[in-house]
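Note sheet for the following structure.
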Amino acid sequence: MSTTASVGTGPRPTIVLVGHGMVGQRFLEALAERGMTATHRVVVLCEEPRPAYDRVQLTSYFSGRTPEELSMTDMEFIKDHGIELYVGDPAETIDREAKKVTARSGLAVDYDVLVLATGSYPFVPPVPNKDAEGCFVYRTIEDLLAIEEYAKSKATTGAVVGGGLLGLEAAGALKGLGLTSHIVEFAPRLMPVQVDDGGGAALLRTIEEMGLTVHTGVGTQEIVTDDSGAVTGMKLSDGSELATDLVVFSAGVRPRDQLARDCGLTVGERGGITVDEQCRTVSDPHVFAIGECALASDGRVYGLVAPGYEQAETAAATIAQDEAEFTGADLSTKLKLLGVDVASFGDAHGTAEDCLDVVYSDSRSGLYKKLVIGRDGTLLGGILVGDAEAYGTLKAFTGSVPPVSPESLVLPAGAGESAQLGPTALPDDAIICSCNNVRKGTIRGAVTEHNCTTVPEVKKCTKAGTTCGSCVKVLGQLVNAELEASGVEVDKGLCGCFSQTREELYEIVLALRINTYQQLLDRYGREDARGGDGCEVCKPAVGSIIASLAPTIGADGYVLEGEQASLQDTNDHFLANLQKNGSYSIVPRIPGGEITPEKLIVIGEVARDFGLYTKITGGQRIDMFGARVEQLPLIWARLVDAGFESGHAYGKALRTVKSCVGQTWCRYGVQDSVRMAIDLELRYRGLRSPHKLKSAVSGCARECAEAQSKDFGIIATSNGWNLYVGGNGGATPRHADLLAQDLSDAELIRLIDRFLMFYIRTADRLERTSTWLERIEGGLDHVRDVVVHDSLGICEELESLMAAHVANYRDEWAETINDPEKLSRFVSFVNAPDTPDPVVGFVPERDQIKPDLPLLTIGTRPLEGSAQR
């Protein structure tokens, strides 16, 4: 393509969008909803090398979420609506007189309407050596990739300049990378915009307990470097010097308005492209600005995604000649920072005249709750730290007099009147989803007028719960309440085959020793399901229950034995993970990440002989990708012969127990973390559960194994072990909670046995421990009462169930390769067992292979994974 080509408007008017972040993508969706993509040519110039992704969840990259999983761009949407998307090719000049935008590549596009969604850029204080080697900002995926690479190769200590939202997330990321982490904040408290002194103090205590060092009330005066120009420290305004070899600047953002300035558009005194109520620039009726680059008509630049979405909707509506306006937005926020809930809403700092504060503070538990109340009882705002469960309800009541006393609203969950106050008490104009500005009345209408009967249907209909997800729990409560109010019986059963929940089915199977799915379905299934074959929901769920209880109920726990084989999904069916091109991955178990040279050589030989792609994972194992289904038994025969067993990467079971090197090698270690990790992984291997389980053991408080992001994590102390539970580093990261501390080896294992079996017993289908811990009535306190104090009197039974599992463990692949009948399933085509699948293909990349998939060309950059346009 010629880089100097000029593209005219042609028969259809042209809309050019400059910038493709979250707000830009929402603008495209709003255009499509109004049919504008059918009547207009839409061109998008994107500066970053990838389409729009979830910047709100950016830090989840360090918890294992891939850039692909962060993507918010459905390429089928782009293709279906004929949108021309140019990634890595930003706009460089705007000629407003000629109505033309020119990109870096030389591409020139004539426009009828121009929309600027250029976002913001990180503010870096003008301190000496701010551009030295080892200095970074924290804004894009590319920034995170650079930080990760530098931290792993050249740094042991990191410092973050800025104690706001992104600063705390950056500090948590550095800690997760194994660095000793510091936070430097000029204000006297953390998150000074969102919380007050009391909230800042509670947040500070909790964060310091996690092992991060916080410096408040000081500024950065200079970055200190060595002779090579690399960072070695920071000079602070109080005269002290902080030793660090990596610095992340996260001191706020500024509107990216230089493109607008260069073409003569009016900008505010402190930046931001000045727009009116329709998000149209005051300088040019053909140019709009939305998101963090726009200075709204109320004189504010909004740095939250929700106002940006409102601006995107307003601009799209105006272009479509619909009536719409943006006159301001709610700045309420609910966040989870380093696993700590932080929320503020309304007049959080009590700036209104003659207002009163209602405060609940528990420094021991890291809780701080403050409500700002008017003299007439009106709820004006509030701050929540450590427990933001009531955020959705409180925010919705802001500006009105709540139906219960303010004091009850800040009491711990389950106390007083607050236990009776739920989302059903909210007025219809209460905003439930602040990200997408969805009110309670809209959600009710989705049920009553649009016949939505499930949360996914309501999310699709209203967009509620599709951004940060913090309102999904309230959404479910409202949907069920509306269905019940309409006379519809809310079915809480597992699926269409069973009216019981998963927990109820577990109890039935355990109590009555039912050891086959068909027996359970015929006796306890819904009447119209009895005698049938079940469904894709209940079959794997019941299969998991039977497998987890197999020794106790007299069932065969092997997943490919008899009826059990028919209950498994694709991964369990072939004891391997299915990949995007139809091939499978091989993941041998490597307990604790410890492996001998001889076993490493075997893995290398197998990968070489079968032409597999190899990768070391974050869970301290080696993945081998690209095996055809008929090769799986051949590969595993060699691995089993060398002493390897299944790593259960394909199953809802224990994956890994990650570890650092502990006191054996590390000068900071206080316990033998490798030995403990190996013991735990060998104990719980093969344990089938409602969802996958991950664990880690850190040999000291430096937490190099990232134990507090795991379903159960262990951190060594000088007196034994601390046990953390309910962590999750996936799509919705959650910091694990401390269950018990200073445990001996025997005490630790006994509590983990109880915790895991109680979770397996009471969790819902496909429910991670993190979600379960937040859902189960009483939360962590209840789980502690049951598991530690045996409040239900079931701990002996829980221990017995785990003991039966341990005693009866069998490696699935070792049994498979010795059974000709089981081996018969490993073919691509049953009627042609010797024929390999012709669709499974590969191409070379970096001296290895990758799936051979067709490319989708978007603008000047090809994106993998879709059919050719």
Side-chain angles (χ1 to χ4, degrees), residues 25-39 72 74 76-77 80-81 278 305-327 329-330 332 334 391-400 402-403 420-496 499 537:
Q25 176 63 21
R26 174 53 63 88
F27 171 75
L28 296 177
E29 293 168 359
L31 284 182
E33 289 168 3
R34 291 169 172 81
M36 298 291 286
T37 53
T39 58
M72 297 184 69
D74 181 353
E76 288 299 315
F77 168 84
D80 292 345
H81 290 279
Q278 281 68 45
V305 68
Y309 282 174
E310 287 188 56
Q311 292 173 339
E313 295 280 352
T314 300
T318 302
I319 295 169
Q321 298 183 345
D322 294 334
E323 290 188 9
E325 63 178 15
F326 178 86
T327 56
D330 184 6
S332 300
K334 180 187 176 188
Y391 168 77
T393 302
L394 292 171
K395 179 177 173 294
F397 276 119
T398 302
S400 65
Q420 305 300 320
L421 184 60
T424 55
L426 302 175
D428 275 356
D429 62 352
I431 294 178
I432 302 301
C433 176
S434 56
C435 291
N436 298 285
N437 198 34
V438 182
R439 300 180 184 275
K440 177 187 172 183
T442 304
I443 294 168
R444 293 183 60 209
V447 177
T448 58
E449 299 172 18
H450 299 282
N451 300 318
C452 297
T453 59
T454 65
V455 169
E457 289 175 355
V458 172
K459 289 171 69 174
K460 184 176 181 180
C461 180
T462 67
K463 288 192 172 72
T466 58
T467 302
C468 77
S470 64
C471 64
V472 170
K473 182 176 180 179
V474 173
L475 198 62
Q477 293 172 325
L478 289 174
V479 171
N480 286 342
E482 196 62 32
L483 288 171
E484 290 175 345
S486 302
V488 178
E489 183 178 353
V490 177
D491 189 348
K492 298 179 181 178
L494 179 66
C495 62
S499 60
V537 172

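Everything numeric here is computed off the predicted structure, so don't read it as measured data. Throughout, numbering of the chain's residues begins at 1 and tracks the sequence.
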Could you tell me which residues satisfy side-chain hydrogen bond (donor to acceptor under 3.5 Å, both in side chains) with T453, sequence neighbours excluded, listed by chain and number?
E457

Is there a donor-acceptor pair closer than 3.5 Å between any side-chain N or O of Q278 and the backbone N or O of T314?
no

Heavy-atom nearest pair, A464 first then K459, reads O-CG, 3.1 Å

Give me the atom names and distance for the closest heavy-atom approach of A316 to R34.
O-CD, 3.9 Å

Not counting sequence neighbours, which residues clear side-chain hydrogen bond (donor to acceptor under 3.5 Å, both in side chains) with T37? List them please.
H81

Identify the two heavy atoms, one from F77 and one from A32, that lie closest to each other, and give their separation to 0.1 Å.
CE1-CB, 3.7 Å

Applying ring-ring contact (aromatic ring centres under 6.0 Å, His included) to Y309 and not counting sequence neighbours gives none

CD of E33 to CD of E313: how many Å apart, nearest 0.5 Å?
6.0 Å

Taking side-chain hydrogen bond (donor to acceptor under 3.5 Å, both in side chains) as the test, write out the residues that go with E310, two or more places apart.
none

For D80, all residues meeting salt bridge (charged side-chain N to carboxylate O under 4.0 Å, His left out), sequence neighbours excluded
none

Can you list, pair by pair, the side-chain donor-acceptor contacts under 3.5 Å of residues 438-449, counting residues two or more places apart and other chains?
{"from": "R439", "atom 1": "NH1", "to": "D429", "atom 2": "O", "distance (Å)": "2.5"}
{"from": "K440", "atom 1": "NZ", "to": "T424", "atom 2": "O", "distance (Å)": "3.0"}
{"from": "K440", "atom 1": "NZ", "to": "L426", "atom 2": "O", "distance (Å)": "2.6"}
{"from": "R444", "atom 1": "NE", "to": "E482", "atom 2": "OE1", "distance (Å)": "2.8"}
{"from": "R444", "atom 1": "NH1", "to": "D428", "atom 2": "OD1", "distance (Å)": "3.0"}
{"from": "R444", "atom 1": "NH1", "to": "D428", "atom 2": "OD2", "distance (Å)": "2.8"}
{"from": "T448", "atom 1": "OG1", "to": "R444", "atom 2": "O", "distance (Å)": "3.0"}

Please name the pair of heavy atoms, one in M72 and one in Q25, separated by the smallest distance, quoted to 0.1 Å.
O-CG, 3.9 Å

Minimum heavy-atom separation for F326 and Q311, please, with both atom names.
CE2-NE2, 3.4 Å

